[in-house]
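These numbers come from a predicted model, not from an experiment.
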Amino acid sequence: MDTGLQLYNTLSRKKELFQPLNAPNVGMYVCGPTVYSDVHLGNCRTFISFDLIFRYLKYAGYKVRYVRNITDAGHLEGDRDEGDDKFAKRAKLEQLEPMEIVQKYTLGFHDVLRMFNTQPPSIEPTATGHIIEQIEMIKVIIANGYGYEVDGNVYFDVEKYSKEYNYTILTNRNLEDMLNNTRELGGQDEKRGRLDFALWIKAKPETLMQWQSPWGMGFPGWHIECSAMSAKYLGAEFDIHGGGMDLAATHHTNEIAQSEACSHKQPARYWMHTNMLTVNGTRMSKSAGNGFLPLELFTGAHPLLKKGYSPMTVKFFMLQAHYRSTLDFSNDALDASEKGFRRLMSAIGLLDKLSVSEQNDFDIDALKEKCIAAMNDDFNSPILVAELFEAVRIINTVYDGKGKISADALEKLKQLINDFVFDILGLKDEDAGGNDLNGVLDMVINLRTEAKANKDYATSDRIRIGLQELGIQLKDGKEGTTWSKA
């Protein structure tokens, strides 16, 4: 099955013809969120990008099993197995059980992705639901000579592995440079080598999340969950592994090592990575003070935003940049995307009002081929969007009486719009119904109520003022907060 799809493979650092292991079946694994806090925009960009890839693969005729995990255990603050468990730390801060933290932020993650109109994956496994599989994989790694246990901790032996496999195959880094840039082991460090990483971590008496294992009570390292779950649901070898580019150097490098140490096979044929976000040319981060959450972007409740932008405007903005390119947020860029999205939706709204003619001035088949060519070129959504504005020009030309379209060509144009705007890009007309707005506002109002309960009046006021600037008036009463259009 050859669809002509070319995709960029991080492994080879070039575009390659997509040839699945078992066409038309495709296995795709994408690293999901660590649900200890609200999902950030960088995560959203990754999941919107792979939603686009998922949608297009299905359009191209593939049967896709899309697996995206939920990390709900084992992710320490430092990638070098240092610091506190992220869930335990947040649970102590909020005075909740760790699984309450997991539930709260998993629900929030799903709510945000629904606002972006992404499709759910085929399978969404959790780390805590697959402790047995992780333990079994660690046992095989040890048996194969690539893991060792020290006082209840189990580590991966990178030096031993590197003698037989290319540890830096994904990033093409120099192993000696990596060793030189890694701090010397302290006298109390149990690891044999500076690049060794934890497969299983011994629990302290106060550890909130711990499980029984052959090495005593403990919890899995961060990287092992993805190796175990991708193998369980997609096999030792599968087609696509995706995630943000920040995961390539450590998490994905260690995933490959674990999987090869276990099965002696490279797990994924194609590794795909989304690029980072910037704000006014500066990398987005909490520490820089320029990072904002999706809901802050929707409401405008952030000092760097002059107003809020709808979920579809933000999604359209993201899709106007290629998934491998840096995406820069600014008020001007978002304003331009808002106008472009409205122009697209306005034209689509005219489709049923167009008059047909015996004469036809437009080649819709050629336009469709250009749309397919754009997506076959490594899922090039910005080129696709540009081609769709040719469809906008056709619609407006016919509506203004300056061009003629036949009934057959109009049906093809409607199908093209449905396929590429709604089914592949995953956009929707937000003005077509009020239910989505109700859901967004209910969530925002709940966040404001929570902020007030926590005496965070600054955030509460920012949300109220942001909504007011968008034409939404809030009214607080005994029965709660209601809203109306000003």
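Annotation: the span from I394 atom CD1 to D363 atom CG amounts to 8.5 Å, rounded to 0.5 Å. Y457 OH to K452 NZ: the interatomic distance, rounded to the nearest 0.5 Å, is 8.5 Å. Distance CD1/I53 to CZ/F379: 5.0 Å, rounded to 0.5 Å. One distance of note links CD1 of I48 with OG1 of T274; it measures 10.5 Å at 0.5 Å rounding. The CD atom of E358 sits 11.0 Å away from the CG atom of N360 when rounded to the nearest 0.5 Å. Between the OG1 atom of T313 and the CG atom of L427 there is a distance of 9.5 Å, given to the nearest 0.5 Å.
Applying the ring-ring contact (aromatic ring centres under 6.0 Å, His included) definition to pairs two or more places apart or across chains, those involving residues 303-326 are F316-F341, F317-F329. Applying the ring-ring contact (aromatic ring centres under 6.0 Å, His included) definition to pairs two or more places apart or across chains, those involving residues 227-254 are Y29-H241, H130-Y233, W222-H251, H223-H251, H241-H252, H241-W271, H252-W271, H252-H273. For the salt bridge (charged side-chain N to carboxylate O under 4.0 Å, His left out) condition, the pairs that include at least one residue of residues 117-129, sequence neighbours left out, are R68-E124. Within the structure, salt bridge (charged side-chain N to carboxylate O under 4.0 Å, His left out) contacts touching residues 2-19 (residues at least two apart or in different chains) are K15-D377. Counting only residues at least two apart or in different chains, ring-ring contact (aromatic ring centres under 6.0 Å, His included) contacts with residues 398-420 comprise Y59-F420.
Residues satisfying the side chain to side chain donor-acceptor pair (under 3.5 Å) test with S337, not counting sequence neighbours, are Q320. Partners of T397 according to the side chain to side chain contact (heavy atoms under 4.5 Å, CB included) rule, which considers only residues two or more places apart in sequence or in another chain, are F362, R393, K402. Scored by the side chain to side chain contact (heavy atoms under 4.5 Å, CB included) test, A231 finds M137 as partners (sequence neighbours excluded). Applying the side chain to side chain donor-acceptor pair (under 3.5 Å) rule to D111 yields the partners R114; only residues at least two apart in sequence or on another chain are considered. The side chain to side chain donor-acceptor pair (under 3.5 Å) check on K412 picks up D365, with sequence neighbours excluded. Residues passing the side chain to side chain donor-acceptor pair (under 3.5 Å) test with D239, sequence neighbours excluded: none.
Between the side chain of N69 and the backbone N or O of C226 there is no donor-acceptor pair closer than 3.5 Å. No donor-acceptor pair closer than 3.5 Å links the side chain of N380 to the backbone N or O of A374. Side chain of D429 to main chain of M345: no donor-acceptor pair is present (N/O by atom type, distance under 3.5 Å, no hydrogens or angles). Looking only at distances, no side-chain donor or acceptor of T299 sits under 3.5 Å from a matching main-chain atom of L467. With hydrogens and angles disregarded, no donor-acceptor distance shorter than 3.5 Å links the side chain of D72 to the backbone of M99. Checking side-chain atoms of N331 against main-chain N and O of K306 turns up a donor-acceptor pair under 3.5 Å. A donor-acceptor pair is defined here as one N or O able to donate and one able to accept, closer than 3.5 Å; such a pair exists between the side chain of S230 and the backbone of S227. Side-chain atoms of N9 come within 3.5 Å of backbone atoms of R269 as a donor-acceptor pair (strictly under, hydrogens ignored). When atom types are taken as modelled, the side chain of Y270 and the backbone of P20 share no donor-acceptor pair closer than 3.5 angstrom. Counting only distance, with no hydrogens or angles, the side chain of S381 and the backbone of M375 share no donor-acceptor pair below 3.5 Å.
Contact check for T71 versus P33: no side-chain heavy atoms found under the 4.5 Å cut-off. Side-chain atoms of Q415 and I364, non-hydrogen and from C-beta on, never get closer than 4.5 Å to each other. At a threshold of 4.5 Å between non-hydrogen side-chain atoms, the residues R448 and D476 count as touching. L388 is listed as a side-chain neighbour of L425, based on a closest heavy-atom distance under 4.5 Å. A heavy-atom distance below 4.5 Å is not found between the side chains of T250 and F197. Contact annotation: the side chain of L57 approaches that of I240 to within less than 4.5 Å [non-hydrogen atoms, C-beta and beyond]. Counting heavy atoms from C-beta outward, V67 and P125 have side chains that approach closer than 4.5 Å. Within the 4.5 Å cutoff, side-chain heavy atoms of S37 are placed close to those of R90.
Side chains of Q266 and Y165: no donor on one and acceptor on the other come within 3.5 Å. Residues D51 and Y56 bring no donor and acceptor atom of their side chains to less than 3.5 Å of each other. N280 and T278 share no donor-acceptor pair across their side chains, judged by distance under 3.5 Å alone.
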* With side-chain contact (heavy atoms from CB on, under 4.5 Å) as the test, would you mind laying out the steps for M272 and M28 before giving the verdict? => CA-CA 10 Å; M272 303 179 68; M28 181 169 75; over 6 Å; no

* To do: Start with the C-alpha distance between K370 and E390, add both sets of side-chain angles, then the distance that settles salt bridge (Lys or Arg N to Asp or Glu O under 4.0 Å), and finish with yes or no.
  => CA-CA 11 Å; K370 289 180 180 178; E390 173 60 16; over 6 Å; no

* Candidate pair L297 and L334, rule side-chain contact (heavy atoms from CB on, under 4.5 Å), full reasoning -> CA-CA 10 Å; L297 192 52; L334 287 163; 3.9 Å; yes

* Pair R342-E338, salt bridge (Lys or Arg N to Asp or Glu O under 4.0 Å): steps then yes or no -> CA-CA 6 Å; R342 286 177 178 171; E338 185 174 59; 3.6 Å; yes

* Kindly indicate, with the supporting measurements, whether the criterion salt bridge (Lys or Arg N to Asp or Glu O under 4.0 Å) is fulfilled by K315 and E430. => CA-CA 12 Å; K315 184 174 186 177; E430 291 167 311; over 6 Å; no

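Among all heavy-atom pairs drawn from T3 and A60, the shortest one is CG2-O, 3.7 Å.
For F109 and F47, the ring centers sit closer than 6.0 Å to each other. Side-chain rings of F298 and F116 approach one another, their centers coming within less than 6.0 Å.
By the neighbour-count criterion of 12 heavy atoms within 6.0 Å, atom CZ of R173 is densely surrounded, having more than that number from other residues, nucleotides or ligands. Surrounding CZ of R65 are at most 12 heavy atoms belonging to other residues, nucleotides or ligands under 6.0 Å away. Annotation: K63, atom NZ; neighbour count of heavy atoms from other residues, nucleotides and ligands within 6.0 Å does not exceed 12. Enclosure of atom NZ in K368 is not indicated, since only 12 or fewer non-hydrogen atoms of other residues, nucleotides or ligands lie within 6.0 angstrom.
Shown are T171, N172, N166; of these, the side chain to side chain donor-acceptor pair (under 3.5 Å) with T168 is made only by N166.
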Can you give me every donor-acceptor pair (side chain of residues 347-357, partner residue at least two apart or in another chain, under 3.5 Å) with its distance?
residue	atom	partner	partner atom	Å
D352	OD1	K414	NZ	3.1
S357	OG	Q359	N	3.0

